[in-house]
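Hydrogens, waters and symmetry mates play no part in the numbers below; they use all other heavy atoms, side chains included. Just follow the structure's listing: the first ligand is 1, and inside any ligand the first atom is 1.
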Amino acid sequence: MPKPRLLQIGTITDRMRDALVPHFDIDLLFEQEDRGAFLMEHGPDIQAVLTDGHYGVPEDVAVALSDLKVVSSYGVGYDNIDTNAMATRGVKVCHTPDVLNDEVANTFVMLWLAVSRSLLAADAHARSGAWEQEGAFPLTHSVQNRRVGILGLGRIGQTIADRCAAFGAEIHYHTRSPKDVPYTYHDSAVACASAVEVLVAITPGGASTKHMVNAEVLSALGPEGLFFNVARGSVVDEAALVEALSNGTIAGAGLDVFEEEPKISDGLKTMDNVVLTPHVASATVETRQAMGDLVVENLTQWLSDGTVRTPVPECRHL
Ligand code: NAP
Ligand code: 8YV
């Protein structure tokens, strides 16, 4: 009996491929010479899709796969998948929550320390011989005992709050609805920014959070303030951020995500009060293995009994 077909969008690890090959015949979307012809001929025979947070489910795939049943996404954020439309069609969309909380929170801490302690400039000072020729590196700022604002206090936001507690932080947050936590709630991003010295975005992307961090929020954060984004590039008005960093509206930033990835605003690349990483918050061998295992588990569970382990909220009733 032929194996069911799985359409792979984007890249996967060898471990994921090895685990999936016994169960599925895998078609790679990006290796098709004529994508339109491939989708027209084979789309109706494919019930399963493996994708990630970057590619989601493109419209031509959603249309061509008329018998689509399951979408397993390699990542927790799913702003590139129209999950309401999928739920209406009865398609089970699943993602990889929780297994990356620690890594993303650690990435925020890494960026926070790097910006506050001028890690990159200090490293350059040590390597270049400037220490011998010019003397000691200038004093930097401590991460200890800061007021920290978290935009989005979900699985990762709470893990960030836990990390911040270890630095003696006073924690503030903004979400649409207050949570049962011992932190100070703010009903807007501006109010949260004006109460803190360090602001970190960790909401989902998509329409409801687009440009949540804008010129007004950055102005409220103030000239000593630091901003960090480990959420989605769309959450921040990147042009306003470049402006705020260059004219001293805020003091510095650490950014893992950008509005037009993999393009990054040129202004950001030349600033020494900014640390940039190329969307790698979950990108360790260990965490990507856990994410990949969950992607595979969702697909093989669906194959065995029609259910998935970690559906997105919009598809939990299916
Ligand atoms: P989660 O558990 O669903 O938490 C999301 C939080 O954001 C909730 O507290 C939610 O509270 C809040 N929120 C949602 N919409 C909001 C809005 N319009 N305004 C204010 N707050 C809002 O999600 P998670 O697992 O923590 O992941 C969060 C996001 O991190 C993902 O969706 C993804 O985009 C991003 N991420 C990035 C990386 C990376 O590589 N940089 C890695 C993993 C995740 P309310 O519903 O009460 O508003
Ligand atoms: C991944 C992420 O890099 O989980 C997310 O939402 O942004 C990252 O963990 C992304 O999903 C691409 O695989």
Side-chain angles (χ1 to χ4, degrees), residues 8-13 16 50-57 71-81 83 93-111 149-163 171-181 183 185-193 199-214 217 228-236 254-259 261-262 276-284 286-292 294-295 310-314 316:
Q8 178 194 327
I9 304 175
T11 54
I12 61 172
T13 61
M16 290 164 75
L50 192 170
T51 186
D52 65 24
H54 179 69
Y55 293 109
V57 181
V71 174
S72 186
S73 190
Y74 183 43
V76 67
Y78 53 90
D79 42 302
N80 280 327
I81 304 175
T83 45
V93 180
C94 43
H95 62 154
T96 62
D98 289 316
V99 294
L100 39 55
N101 295 351
D102 287 326
E103 214 65 74
V104 179
N106 291 347
T107 301
F108 158 68
V109 172
M110 173 177 78
L111 290 170
I150 305 174
L151 303 176
L153 196 74
R155 291 169 291 245
I156 303 172
Q158 179 60 60
T159 311
I160 287 175
D162 296 342
R163 298 289 191 278
I171 297 163
H172 297 243
Y173 72 103
H174 164 63
T175 50
R176 290 168 300 187
S177 56
K179 313 296 172 201
D180 184 16
V181 289
Y183 315 134
Y185 176 71
H186 298 275
D187 63 5
S188 71
V190 175
C192 189
L199 186 69
V200 51
I202 187 61
T203 61
S208 84
T209 56
K210 188 167 167 61
H211 289 188
M212 168 187 274
V213 176
N214 54 22
V217 170
F228 298 90
N229 190 6
V230 286
R232 283 287 182 267
S234 59
V235 174
V236 180
L255 309 169
D256 184 55
V257 287
F258 305 89
E259 268 200 279
E261 295 176 10
L276 308 173
T277 51
H279 200 148
V280 294
S282 69
T284 62
E286 296 81 3
T287 294
R288 285 292 169 85
Q289 181 170 309
M291 291 163 64
L294 190 47
V295 166
T310 49
V312 300
E314 295 84 345
R316 276 184 200 147

Should Thr175 and Ile150 be marked as a side chain to side chain contact (heavy atoms under 4.5 Å, CB included) after you check the CA-CA gap, both sets of side-chain angles, and the distance that decides it?
CA-CA 9 Å; Thr175 50; Ile150 305 174; over 6 Å; no
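Taking every non-hydrogen atom of Val104 and a distance limit under 4.0 Å, the qualifying atoms of ligand 1 come out as 42 (C), 43 (C). The contact set between ligand 2 and His279, taken as ligand atoms under 4.0 Å from a residue heavy atom, comprises 2 (C), 3 (O), 7 (O), 8 (C). The distance from ligand 1 to the heavy atoms of His174 drops below 4.0 Å at these ligand atoms: 20 (C). Which parts of ligand 2 touch Arg232 is read off a 4.0 Å heavy-atom cut-off, strictly below it: atoms 2 (C), 5 (C), 6 (O), 7 (O). For ligand 1, the atoms closer than 4.0 angstrom to any heavy atom of Asp256 are 39 (C), 40 (O), 41 (N). Below 4.0 Å from some heavy atom of His279 lie the following atoms of ligand 1, by number and element: 39 (C), 40 (O), 41 (N). Residue Ile202 has at least one heavy-atom neighbour below 4.0 Å for each of these atoms of ligand 1: 28 (C), 30 (O). Close approach of ligand 1 to Thr209 (heavy-atom distance below 4.0 Å) involves ligand atoms 16 (C), 17 (C), 18 (N). Close approach of ligand 1 to Val257 (heavy-atom distance below 4.0 Å) involves ligand atoms 41 (N). Close approach of ligand 1 to Ala281 (heavy-atom distance below 4.0 Å) involves ligand atoms 39 (C), 40 (O), 41 (N).
You'll find the side chain of Phe108 stays beyond 4.5 Å of the side chain of Asp256, heavy atoms only. Between Gln158 and Tyr183, some side-chain heavy-atom pair lies under the 4.5 Å cut-off. Using a 4.5 Å heavy-atom threshold, the side chains of Ser282 and Tyr74 count as separate.
For the pairing with Val213, the side-chain contact (heavy atoms from CB on, under 4.5 Å) check across Leu151, Asn229, Thr203 returns one residue only, Leu151.
Given atom 45 (P) of ligand 1, the protein heavy atom at minimum distance is Lys179 NZ, 3.5 Å. Atom 8 (C) of ligand 2 has as its closest protein heavy atom Ser282 OG, 3.5 Å. Here the protein heavy atom with the shortest distance to atom 38 (C) of ligand 1 is Val230 O, 3.6 Å. At the shortest separation from atom 46 (O) of ligand 1 among protein heavy atoms lies Arg176 NH2, 2.9 Å. The closest protein non-hydrogen atom to atom 3 (O) of ligand 1 is Arg155 NH2, 3.4 Å. Among all protein heavy atoms, the one lying closest to atom 11 (O) of ligand 2 is Tyr74 O, 3.1 Å. Among all non-hydrogen protein atoms, the one lying nearest atom 20 (C) of ligand 1 is Met212 CE, 3.4 Å. The closest protein non-hydrogen atom to atom 5 (C) of ligand 2 is Val76 N, 3.5 Å.
Residue contacts with ligand 2: Met291 is included, with a non-hydrogen atom under 4.0 Å away.
Counting heavy atoms closer than 4.0 Å to ligand 2, residue Arg288 contributes side-chain atoms (C-beta onward) but none from N, CA, C or O. Using a 4.0 Å cut-off between heavy atoms, Ala231 contacts ligand 1 through its backbone alone, with no side-chain atom that close. Only side-chain heavy atoms of Leu100 come within less than 4.0 Å of ligand 2; its backbone N, CA, C and O stay farther off. At a heavy-atom cutoff of 4.0 Å, ligand 1 is contacted by both the backbone and the side chain of Thr175.
For His279, there are no ring-ring contact (aromatic ring centres under 6.0 Å, His included) partners at least two apart in sequence or on another chain.
Here's the thing with Ile156: one of its N/O atoms is less than 3.5 angstrom from an N/O atom of ligand 1. For a threshold of 3.5 Å applied to N or O pairs, the pair formed by Leu100 and ligand 1 contains no separation below that value. At a 3.5 angstrom cut-off on N or O pairs, Ser177 counts as close to ligand 1.
One side chain, Ser177 or Lys179, offers a donor N or O that lies under 3.5 Å from an acceptor on the other.
Comparing Gly75, Ala283, Gly77, Ser73 against atom 6 (O) of ligand 2, the shortest heavy-atom distance belongs to Gly77.
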